[in-house]
Novice: 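Just passing along the structure, written as structure tokens.
Just so you know, ligand 1 is whichever comes first in the structure, and atom 1 is the first atom listed for that ligand.
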Amino acid sequence: MGGLPPRPSTPPDALTPEGRSSALADLLRQATQASLDPEAVLEVAVRWCARVLGDGAAMWMQEPGDEALVLGPYAHRDVARESVTPVLPEALTAHVLEREVTAADGPAIVAPLRSRGRVLGVLACARDDAKRGYRREDAELVGEVAARVALVLDNARLYERVRIQATTLAHVDAAVLSMDGENRLRSMNPAAERLFGWREEEVLGRAVVDVVSAESSDNVQRARAALRDAGRWTAPWRLKRRGGEEFDGHIDAVVVRDDHGGIDGFVAVYHDMTERLELIATLERRAAQQAAVAALGERALEAEHPAALMDRAVETARSVLDVELAGVFELADEGRVLALRAGAGFARSQVGSATVPGGWADGQEGFTLIRREPVIVGDARRERRFVQAELVAALGAVSGVTVVVQGRGGVHAVLAAYARREDAFSRDDVTFLQSMANVLGDALDRFASDEEIRRRGLHDPLTELPNRTLLLERLAEAAERDAGPIALLFCDLDHFKTVNDSLGHRAGDDVLRQVADRLRAAVRPGDVVGRFGGDEFVVLCEHVDDEAGARLIAERLAAAFARPFRAGGDDHMLGVSIGIALTDSAEDGDALLRDADTAMYRAKEAGRSRIELFDTGMRAWAVGRLQTEAGLRRALDAGEIEVHYQPIVSTAGGAGGGAPGAVAAVEAVEALVRWRHPERGLLAPGEFVGVAEESGLIVGLGRRVLELACTAAAAWEPRIPVHVNLSPRQLLDKTLVETVEATLAATGLPSELLALEITESMLIDRGPDRLVVLDRLRGLGVKLVLDDFGTGWSSLSRLAELPIGGLKIDRSFVADLDGRGGPIVDAIVRLARAFSLPVVGEGVETPEQLAALRRLGCELAQGFLFSRPVPEPELLSLLRRSAVADHA
Ligand code: C2E
Ligand code: CA
Ligand code: CA
């Protein structure tokens, strides 16, 4: 305090009234000078009191939230006594604080420091000599000093706070606006100035919505009402910059209240979400593209005809890129034209016939074909390098991208996508389309070389009839198409061996060729006649409604043997024995064939040249099914249903890095149902869940599993979530939500420790109804996890809207991480990251698979490598070991 004037030699009690008021003016001048620093204000005041009113003066301050007074600055007239800590006149102070008045008591005065209705502390003066008491005027003067000092002090503190807030606001990255109670702008920090493009002084006092909001006035009204009601409101919001450019943003607004609880105004923080949303969109688009490429690759392995694969490729390209047209062009007519081989968005009649005529080399497609380079045209109307093909121009294409479909032997074709909007294609899109083209190129190579081998491999060289492999393939296709009832007729020539032996192989072959022709002539065009070698022929007929129909076909076949066969210049009669197997769904082709074969043997046994129908297979199946169903009904009551548990572990670290037998950190557990059958032993779900599902017993079974799993999990230490599988049928059960709620209540398991595993198909199949059920389940606090994820890509892009809290990657991808599983798992993990969903890799059996999952960023895993599903006691010891490993 170097600026203080020297101490006067006049004794304090000799001060005249004029002297006092000039001294007071002097104090205020000093205090005001120091007014931006609260400590300095107090210091000035105690020095002034010590000097003017003698002898010692001190401040005791009331700290917020603290009862006791704390000693502030103090001073003494006599420098020598400056170091003595003053003593608070307790009784006097208590009186002063209680009444909030200034009081004197002999050699002491205590005055409250009051400002804006609050007491900030007290100012106390004391004379060293108890006999030299203060007068009433002295007390008044101290009271006045205290009142002034309190005000200056309060202002200084306020200023300090405002200054800290203001500098903080100036430095935060978030855009912060404050508004008055009428939503007029009161302030705008530099980050907000940058975000919106306004300077603060240009917009102060304007209505905030006019300045920054691009939402409808309805939305604004709703938001205001919500903000006033709840005191806080946060939501995505459409914002605009100076000049009107709109963007996706986010608002977090709070109400600022005055001292009486009324609304003083609002403060809102604004964020620009454009980049984040774009990032998510890009990730999602990439994942969808990678998945599409992977799916096409998978398709390529199965596809029978290049045309089907090309169709698939262009459909995929069009839908994944979200554009109007996609096509494959091939050179045709000895290089004179480019022909549209496959097309999506083109007229059906154009595919296979439309061409880019003579000048094709001048077009984008031709350039790509010749130079083998991808080309992007952003706007065909302004394009100078290429002439746009009439074929695509006519359909309104404006932008396009072309990539080459290359094979080992050279260029196969050009794959193209077109959009009716400008600049529809990014670099990423080119990469995607090129990947599709590569898959196509490889497949076309394979088709070219496979075609011949394949044809030979699938046909019997003697009769050119389909062989066993092809016939089984056709059977599988029929089952897949759901072609309805199928009849398989196994025909075996009677005593053909004698023909061969007596007339020689040549004559025998001749007879077999004739048999083939006659059988082919005896069936309908769609039926398949195959030869299985030797004298065995098999006929596959679809849409055979009943036994009578099947017998009719068999009789027609038998009739083909009514006339003699010409061999070695002679006529020979031949008999045939026919066995029939009839089925509704030819899921197991081999089994059907076996049945037909058995029936044929019975026909032979029964005396040859007969027809036998096999039906015990179907009967046995139905009987078995009924037995299982009845057994299951009893099992539920008899307590034969058990649950085994399989841990879901963290892929990170873990003792031994996941070596077999090592103890990894268990993060959750999946409950898997088992049936302890009195005769058949412990049955896995594969043996009875299907029957339970068809009969509706799954509802009761599921309820039991839920009860057992929740009861068990409620007692586990440490507490970890239990996953329970839900079947589609359970989702249709109206009481499902209540059942789950009641089970949680009864077992005392907290809802966040229950996860329900559902499959993708359950989300897609029946639409909104199921989503409501799922939303209600989630409303209970239960997590929903998508099981076997990756087997139906359809829901990938809708993931964000679905009430899903986690994914489990299907075992098949984990089993094939080296092959096509790798990119798929990668895509899933990345997508899950974008939505912050945890991912479990299922069916991990080897340390290599674990390492690959870890490398791809998949943080959770489940599989035999860590543990098979085990009964509860074993699980408990596993959990204990895992907890110990965790601590170690
Ligand atoms: P899921 O939900 O995919 O369950 C995982 C299955 O994979 C289990 O077969 C498990 O034993 C098996 N698994 C786990 N790790 C490995 C591994 O490393 N390698 C191989 N090869 N397999 C592994 P589980 O117990 O036979 O269950 C089969 C299916 O039955 C389950 O497939 C699930 O769809 C169904 N299921 C099981 N319990 C229930 C239930 O309580 N309710 C319903 N609705 N379905 C259930
Ligand atoms: Ca499961
Ligand atoms: Ca699964």
Side-chain angles (χ1 to χ4, degrees), residues 632 635-636 640-649 651 658 660 664 666 668-676 681-710 712-713 721-733 736 739-740 743 754-762 783-792 804 806-817 821 825 828 839-850 852-853 858 860-871 874-875:
L632 201 54
L636 273 169
E640 289 167 19
I641 297 305
E642 295 182 11
V643 176
H644 283 196
Y645 299 92
Q646 188 178 32
I648 295 171
V649 304
T651 59
V666 178
V669 162
E670 179 172 14
L672 294 159
V673 67
R674 298 289 182 265
W675 176 7
R676 193 164 293 283
L682 192 67
L683 301 185
E687 308 236 42
F688 58 92
V689 163
V691 170
E693 184 93 58
E694 280 165 35
S695 62
L697 282 171
I698 192 77
V699 173
L701 185 70
R703 215 175 277 162
R704 177 65 48 84
V705 171
L706 189 69
E707 264 165 35
L708 291 170
C710 290
V722 64
H723 288 227
V724 174
N725 291 285
L726 266 196
S727 100
R729 179 70 187 251
Q730 284 176 277
L731 268 196
L732 295 178
D733 172 22
L736 175 67
T739 304
V740 172
T743 309
L754 178 62
L756 294 174
E757 295 195 358
I758 59 176
T759 56
E760 275 172 282
S761 61
M762 289 158 78
K783 189 158 118 179
L784 297 173
V785 173
L786 267 188
D787 206 351
D788 307 338
F789 189 75
T791 47
I804 290 307
L807 303 179
K808 297 182 80 174
I809 302 177
D810 190 60
R811 217 164 57 212
S812 58
F813 301 118
V814 173
D816 187 23
L817 274 168
V825 172
I828 296 176
V839 200
V840 181
E842 287 195 290
V844 179
E845 295 184 346
T846 67
E848 289 74 20
Q849 290 168 346
L850 172 61
L853 282 178
C858 179
L860 296 168
Q862 178 181 358
F864 294 168
L865 178 64
F866 312 99
S867 166
R868 291 188 171 261
V870 293
E874 263 175 73
L875 175 77

Novice: For the Ca ion (ligand 2), what is the closest N, O or S atom on Glu670?
Specialist: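 Going through the N, O and S atoms of Glu670 one by one, OE2 ends up nearest to the Ca ion (ligand 2).
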Novice: Would a 4.5 Å heavy-atom cut-off, applied to side chains only, mark Pro728 and Glu693 as touching?
Specialist: yes
Novice: Name every donor-acceptor pair, under 3.5 Å, that has one atom in a side chain of residues 861-868 and the other anywhere in the protein, sequence neighbours excluded.
Specialist:
unit_1 : atom_1 : unit_2 : atom_2 : d
Gln862 : OE1    : Lys808 : NZ     : 2.8
Gln862 : NE2    : Gln646 : OE1    : 2.9
Gln862 : NE2    : Glu670 : OE1    : 2.7

Novice: I need the protein N, O or S atoms closer than 3.0 Å to the Ca ion (ligand 3), given as residue plus atom name.
Specialist: Asp787 OD1, Asp788 OD1, Glu842 OE1, Glu842 OE2
Novice: Side chains of Ile758 and Asp787, heavy atoms from C-beta outward: is any pair under 4.5 Å?
Specialist: no
Novice: Would you indicate whether the side-chain heavy atoms of Glu642 and His644 approach each other to under 4.5 Å?
Specialist: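 Contact flag for His644/Glu642 side chains = yes.
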Novice: State, yes or no, whether a side-chain contact exists between Val722 and Leu754 at a heavy-atom distance under 4.5 Å.
Specialist: yes
Novice: Give every pair formed by an N or O atom of ligand 1 and a protein N or O atom closer than 3.5 Å, one pair per line with both atom names and the distance to 0.1 Å, or write none.
Specialist:
unit_1   : atom_1 : unit_2 : atom_2 : d
ligand 1 : 2 (O)  : Glu670 : OE2    : 3.3
ligand 1 : 2 (O)  : Asn725 : OD1    : 3.2
ligand 1 : 2 (O)  : Asp787 : OD2    : 3.0
ligand 1 : 3 (O)  : Asp788 : OD1    : 3.4
ligand 1 : 7 (O)  : Arg811 : NH1    : 2.6
ligand 1 : 15 (N) : Gln646 : NE2    : 3.0
ligand 1 : 18 (O) : Phe864 : N      : 2.8
ligand 1 : 19 (N) : Glu845 : OE2    : 2.5
ligand 1 : 21 (N) : Glu845 : OE2    : 3.1
ligand 1 : 22 (N) : Arg811 : NH1    : 3.4
ligand 1 : 25 (O) : Arg674 : NH1    : 2.9
ligand 1 : 25 (O) : Arg674 : NH2    : 2.9
ligand 1 : 38 (N) : Val673 : N      : 3.1

Novice: For Leu708, enumerate each residue passing the side chain to side chain contact (heavy atoms under 4.5 Å, CB included) test, keeping only those at least two apart in sequence or located in another chain.
Specialist: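 Once residues adjacent in sequence are excluded, the partners of Leu708 under the side chain to side chain contact (heavy atoms under 4.5 Å, CB included) criterion are Val643, Arg704.
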Novice: Indicate yes or no: at least one non-hydrogen side-chain atom of Val666 is less than 4.5 angstrom from one of Leu875.
Specialist: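 No, their side chains stay 4.5 Å or more apart.
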Novice: The test is side-chain contact (heavy atoms from CB on, under 4.5 Å); show your working for Val840 and Leu807 and say whether it passes.
Specialist: CA-CA 6 Å; Val840 181; Leu807 303 179; over 6 Å; no
Novice: May I ask you to test the Leu672-Arg674 pair for a side-chain heavy-atom distance under 4.5 Å?
Specialist: yes
Novice: Taking the side chain as C-beta and beyond, is there a heavy-atom pair between Val839 and Phe789 under 4.5 Å?
Specialist: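 They are not in side-chain contact.
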